[in-house]
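In what follows, a single structure is set out as structure tokens and then discussed.
What's counted below: heavy atoms across the whole structure, side chains too, no hydrogens, waters or symmetry copies.
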Amino acid sequence: MWPATDKPRKGRLVPALLFVLGGCAGIPDAVRELPPTAGNVELVTVPFHPQDRFQCGPAALTTVLEASGAEVALGDITRKVYLPGRKGSLQLEMVAATRTSGRVPYLVDGSLSALAAELHAGRPVVVLQNLGIAAIPRWHYAVVVGIDVDNDAVILRSGTERRRETPTDVFLRTWSRSGFWGLVALVPGRLPANVDRERYFGAVAGLEQAGMSRQAALGWEAALQRWPRHPTALFGLANAHLSLGNNAAAERGYRDLLEQAPGLAAARNNLAFALARQGYYDEALEQVEQAIATNDDAALRSLLEETLREIGAMRD
């Protein structure tokens with residue numbers, strides 16, 4: 001009913017056995033187990049948008065965005081993610097719409113404990129399920145809002161049901177068929193409950209690429225609180241400052257990074273722009289020339305030479 005998805009992302013947790021024809025193969029223990037301290041949790045105030053036919057994606061995404069405090073409208077999200085030709089929504093569109101709504105789209109670990117951790121942090125999770133069978137898929141987005149440990153059930157905002165209780169094993173089987181795809185909409189500046197560093201960095205970098213520089217800056221600042229002076233986070237924050245016109249802050253960030261990695265030509269190239277925008281043209285040109293002298297990558301060298309010409313023209 002909801003043929004929605006591209007291939008699950010590489011590297012996502014996949015069950016050891018395939019489920020075919022409604023089979024009852026077991027869920028790996030690592031996926032099903034909850035920490036001993038886990039208790040019942042339900043986010044009862046999470047909004048609910050009953051879906052129109054084939055439009056579970058917009059309804060689910062609007063739900064988690066509103067729960068995060070984003071000011072969004074169901075109609076706008078529908079226009080961003082719903083593909084009439086496919087009668088559904090792809091994960092890529094769901095991720096992109098989360099970014100353009102000012103939130104960090106973070107893909108959670110594929111486990112019940114990861115869902116529980118986000119719920120205890122106050123964040124509902126969009127999940128992609130296959131409610132059919134492997135041979136005849138029926139893709140569906142729902143929102144996990146609770147886990148009832150006592151009754152061994154997962155609580156969902158799903159379809160036209162505000163509160164749907166699904167036995168845990170049934171939920172995990174339907175979720176496994178998407179490669180355990182699940183997304184939280186993080187407020188920029190906050191980290192997920194169980195953060196994977198590289199996955200988080202990728203999510204924040206996506207904000208920068210989408211032109212959401214202010215939100216990206218907050219994301220990188222949060223990263224540096226968790227991983228002080230990490231080169232990727234330093235570079236990302238400096239780039240965000242440069243995009244926002246905070247040239248002095250960008251300069252400080254690039255210099256901090258270059259203290260750790262003086263041979264990083266990309267950072268020296270961007271430092272040159274930060275300097276030139278402050279009127280320090282001669283020093284900017286020196287930075288580019290130093291990068292050219294110590295770099296033998298042909299593509300990057302061509303970019304550096306272009307930067308040299310551009311800053312030279314700015315000075316003249």
Side-chain angles (χ1 to χ4, degrees), residues 11 95-96 98-100 102-108 184-297 299-308 310-311 314:
V95 168
T98 304
R99 290 192 191 108
T100 57
R103 294 294 180 262
V104 182
Y106 181 79
L107 299 181
V108 301
V184 291
L186 296 172
V187 175
R190 297 182 186 173
L191 296 176
N194 295 323
V195 61
D196 176 272
R197 187 179 66 192
E198 300 311 314
R199 199 184 312 151
Y200 177 76
F201 283 0
V204 177
L207 282 174
E208 181 183 338
Q209 293 164 3
M212 310 293 288
S213 298
R214 194 171 304 281
Q215 291 82 358
L218 293 170
W220 291 124
E221 287 170 355
L224 287 168
Q225 289 289 322
R226 180 65 177 269
W227 303 285
R229 292 181 57 79
H230 191 282
T232 300
L234 285 172
F235 191 46
L237 181 57
N239 283 348
H241 280 309
L242 193 64
S243 296
L244 292 167
N246 302 330
N247 298 312
E251 177 191 347
R252 289 193 296 272
Y254 293 128
R255 289 191 187 281
D256 195 5
L257 175 57
L258 287 166
E259 285 182 8
Q260 297 184 53
L264 191 57
R268 207 167 288 283
N269 177 82
N270 291 7
L271 171 60
F273 277 112
L275 290 167
R277 290 179 182 180
Q278 297 176 81
Y280 305 132
Y281 300 115
D282 289 343
E283 186 178 356
L285 292 171
E286 289 174 5
Q287 292 290 340
V288 183
E289 289 167 352
Q290 182 177 344
I292 291 173
T294 57
N295 176 71
D296 56 7
D297 180 274
L300 186 53
R301 187 182 184 90
S302 176
L303 174 64
L304 291 165
E305 290 170 348
E306 182 179 341
T307 298
L308 195 66
E310 187 173 342
I311 293 177
M314 291 169 65

Non-hydrogen side-chain atoms of [X] and [Y] separated by less than 4.5 Å:
{"X": "W220", "Y": "N239", "value": "no"}
{"X": "E259", "Y": "R229", "value": "yes"}
{"X": "R214", "Y": "S243", "value": "no"}
{"X": "W227", "Y": "T232", "value": "no"}
{"X": "L186", "Y": "R103", "value": "no"}
{"X": "N295", "Y": "R268", "value": "no"}
{"X": "V95", "Y": "R99", "value": "yes"}
{"X": "L271", "Y": "R255", "value": "yes"}

Assess whether side chain to side chain contact (heavy atoms under 4.5 Å, CB included) is satisfied between F201 and H230, documenting all intermediate values.
CA-CA 11 Å; F201 283 0; H230 191 282; 3.4 Å; yes

Would the distance check show the side chain of Y280 and the main-chain N or O of A274 forming a donor-acceptor pair, the cut-off being under 3.5 Å?
no

Is there a donor-acceptor pair closer than 3.5 Å between any side-chain N or O of Y200 and the backbone N or O of G219?
yes

Reported [atom1]-to-[atom2] distance for the pair [X] and [Y], which is rounded to 0.5 angstrom:
{"X": "R252", "Y": "H241", "atom1": "CZ", "atom2": "NE2", "answer": "7.5 Å"}
{"X": "Y106", "Y": "L191", "atom1": "OH", "atom2": "CG", "answer": "9.0 Å"}
{"X": "L275", "Y": "E283", "atom1": "CG", "atom2": "CD", "answer": "4.5 Å"}

Locate the shortest heavy-atom distance separating A217 from L237; write the atom from each residue and the value.
O-CD1, 3.6 Å

Looking at every non-hydrogen atom in both residues, tell me the closest pair between L258 and A267 and how far apart they are.
CD2-CB, 4.0 Å

If you count heavy atoms of other groups shown closer than 6.0 angstrom to [atom1] of [X], is the number above 12?
{"X": "Q225", "atom1": "CD", "answer": "no"}
{"X": "R277", "atom1": "CZ", "answer": "yes"}
{"X": "E306", "atom1": "CD", "answer": "no"}

Between E305 and R301, does any side-chain N to carboxylate O distance fall below 4.0 Å?
yes

Candidate list V108, T98, V104, test side chain to side chain contact (heavy atoms under 4.5 Å, CB included), partner V184, passing option:
V108

Can you list the steps and then say if V288 with I292 is a side chain to side chain contact (heavy atoms under 4.5 Å, CB included)?
CA-CA 6 Å; V288 183; I292 291 173; 4.1 Å; yes

